[in-house]
2 protein chains.
Amino acid sequence: MARKPADQAVHRDDIIKAAADVLREHGYDATTMKDIAARVNLTAASLYHHFKNKDFLLLAVLERGLSLTIATIEPIQQSDKPARDKLSAMIAAHINAITSHPASGAAMVFEIKALMNVNTAARGNGDSSEFTKRRDAFFEQRDYFEAMFRETVKEGISNGEFRPVDAAIVAKAMLGAHNWVGVWYKASGRLAGDEIAAIMIDTFVTALKK
Amino acid sequence: MARKPADQAVHRDDIIKAAADVLREHGYDATTMKDIAARVNLTAASLYHHFKNKDFLLLAVLERGLSLTIATIEPIQQSDKPARDKLSAMIAAHINAITSHPASGAAMVFEIKALMNVNTAARGNGDSSEFTKRRDAFFEQRDYFEAMFRETVKEGISNGEFRPVDAAIVAKAMLGAHNWVGVWYKASGRLAGDEIAAIMIDTFVTALKK
DNA sequence: TTTATAATCTAATCTTGATTCAATTATGGC
DNA sequence: GCCATAATTGAATCAAGATTAGATTATAAA
């Protein structure tokens, strides 16, 4: 036998992070493989050793951002605190994820479109099956993410903590407001991530108060 | 002399609308000039008679969507009704604009990025000056749009209709929630535009209630 | 009608970038 | 040290699509 793919995992993650940064700066199509490669001191060709093609790299960026966020929010949602506390903590975690990783946050808004547009039939996505499968899985995770918020709102309504509202739409409103933070947030801005989170919590929890 | 550019304006508007539709379906980069041209039974080359290049066409799509929306919201904001009524009407108008013209609504979210990425220095934008100028003007209009919401919230706070909040952030939250509607809204969905608007109004006005 | 200009079209260009290839170098396990 | 595999690379491909060029056609105004 031979070498173990020891540090490969590290490199792979580095590339994903770099890609997220470049993506935030230029958007999917305006981002070249060369741009991404340059960030990690590689050539474009080298990226193909780690990712089948540009589409898979985009997918990796989005998967990473979403799964990290889900990892922090899921446990909160599953805890058995009052809905109101859970929702507050979930909002804080979401805003925190977005403001701490603005690149991923913005990608989650802007690059989703690019992901949908990938012509799965075409070229290198070879087994369009593999790509399609992973992409579908990603969108399911995304739905799951939204569902966590929706269900928490419903929970609060049914146990009398919140006033009755259309939980599905209110959840979408919340996510829209949060995602938008990823679009305008600047680390150098007037407010820190925590402060923005506090305002979001105040806004939505008040909106749900009985 | 000769022919008056009689129907040109009409054609131009048709092209813009068609472009907005295609853009919503595929996104800026995945949209080819040929795709857009096909919608209005023209060839790609013909589009260059109406628009200097693809970037200008994108700009035209965004300008049109925004100015139409501003046209409906501005008079409301400038009226002298209670802030609460104005804000409600503004939200209704915004959601209505988005759900009635989903293509423009989505473009306002997704394609803004493409607009920012335009390499003004490059090629055909010739006088990058002209393009840059119009683009800057567009972004100013966009800020103005946001300011209308922000100011109305402030107004309500200062005249005691609303509780004190960070008006700038709350306004951004509202716009994020609204814009997001353009992303998920489907004419065939469970709720009509009006119903969605009612929920948004209920949510944000409640959040501001004293 | 004539005529100038608007609108279009077809058939090239021309660029840009993704992707592929064949070759080279590095490294962990034996 | 030797080997198999991982990592990378520079130098081609190759395709897609925006844009341009050179006609051609349509139409309003005189």
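The sequence lines fix the lettering, A, B, ..., with proteins before strands; numbering per chain opens at 1. Everything quoted here is computed from the prediction, not taken from an experiment.
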Students often get this wrong, so: under 4.0 angstrom with heavy atoms, is B:Asn41 touching a base, only sugar-phosphate, or nothing? sugar-phosphate

Please classify the nucleic acid contact of B:Thr43 as base, sugar-phosphate, or nothing, using heavy-atom distances under 4.0 Å. base

Rounded to whole angstrom units, what separation is found between the CG atom of B:Asp14 and the C1' atom of C:dA7? 14 Å

Among D:dT8, D:dA18, C:dA6, the one nearest A:His11 by side-chain distance: D:dT8

Report the distance from atom CG of B:Leu47 to atom P of C:dC9, rounded to the nearest whole Å. 9 Å

Nearest-angstrom distance from the residue atom CG of A:Asn53 to C1' of C:dG17: 13 Å

Separation of atom NZ in A:Lys54 from atom C1' in C:dG17, rounded to whole Å: 8 Å

Respond yes when some side-chain nitrogen or oxygen of A:His49 is under 4.0 Å from OP1 or OP2 of D:dT8, and no when none is. no

Among C:dT19, D:dT19, D:dT9, which is the nearest nucleotide to the side chain of A:Tyr48? C:dT19

Among C:dA18, D:dT19, D:dT9, the one nearest any side-chain atom of A:Ser46 is D:dT9

Please report, rounded to the nearest Å, how far the C1' atom of C:dA18 is from the CZ atom of A:Phe51. 16 Å

Could you tell me how far apart A:Met33 (CE) and C:dT19 (P) are, to the nearest whole angstrom? 6 Å

Does A:Trp180 have B:Lys172 sitting over its ring (NZ/CZ under 6.0 Å from centre, angle to axis within 45°)? no

Does B:Lys86 reach the main-chain N or O of B:Ser79 with its side chain, forming a donor-acceptor pair under 3.5 Å? yes

Find the distance B:Leu42:CG to C:dA6:C1' and express it as a whole number of Å. 13 Å

Should the pair B:Phe204 and B:His178 be assigned to parallel (<30°), tilted (30 to 60°) or perpendicular (>60°) ring geometry? perpendicular

With a 4.0 Å cut-off on heavy atoms, is B:Thr32 in touch with a base, just the backbone sugar-phosphate, or nothing at all? sugar-phosphate

Of the nucleotides D:dA18, C:dC9, C:dT20, which has the atom closest to the A:Ala45 side chain? C:dT20

Salt-bridged, B:Lys52 to B:Glu130, with N to O below 4.0 Å? yes

Does A:Lys54 qualify as a cation-pi partner of A:Tyr48, given the criterion of NZ or CZ under 6.0 Å from the six-membered ring centre and within 45 degrees of its axis? no

Ignoring backbone atoms, test whether A:His50 places a side-chain nitrogen or oxygen under 4.0 Å from the OP1 or OP2 oxygen of D:dA6. no

Figure out the CG/P separation between A:Asp55 and C:dA18, and round it to whole Å. 10 Å

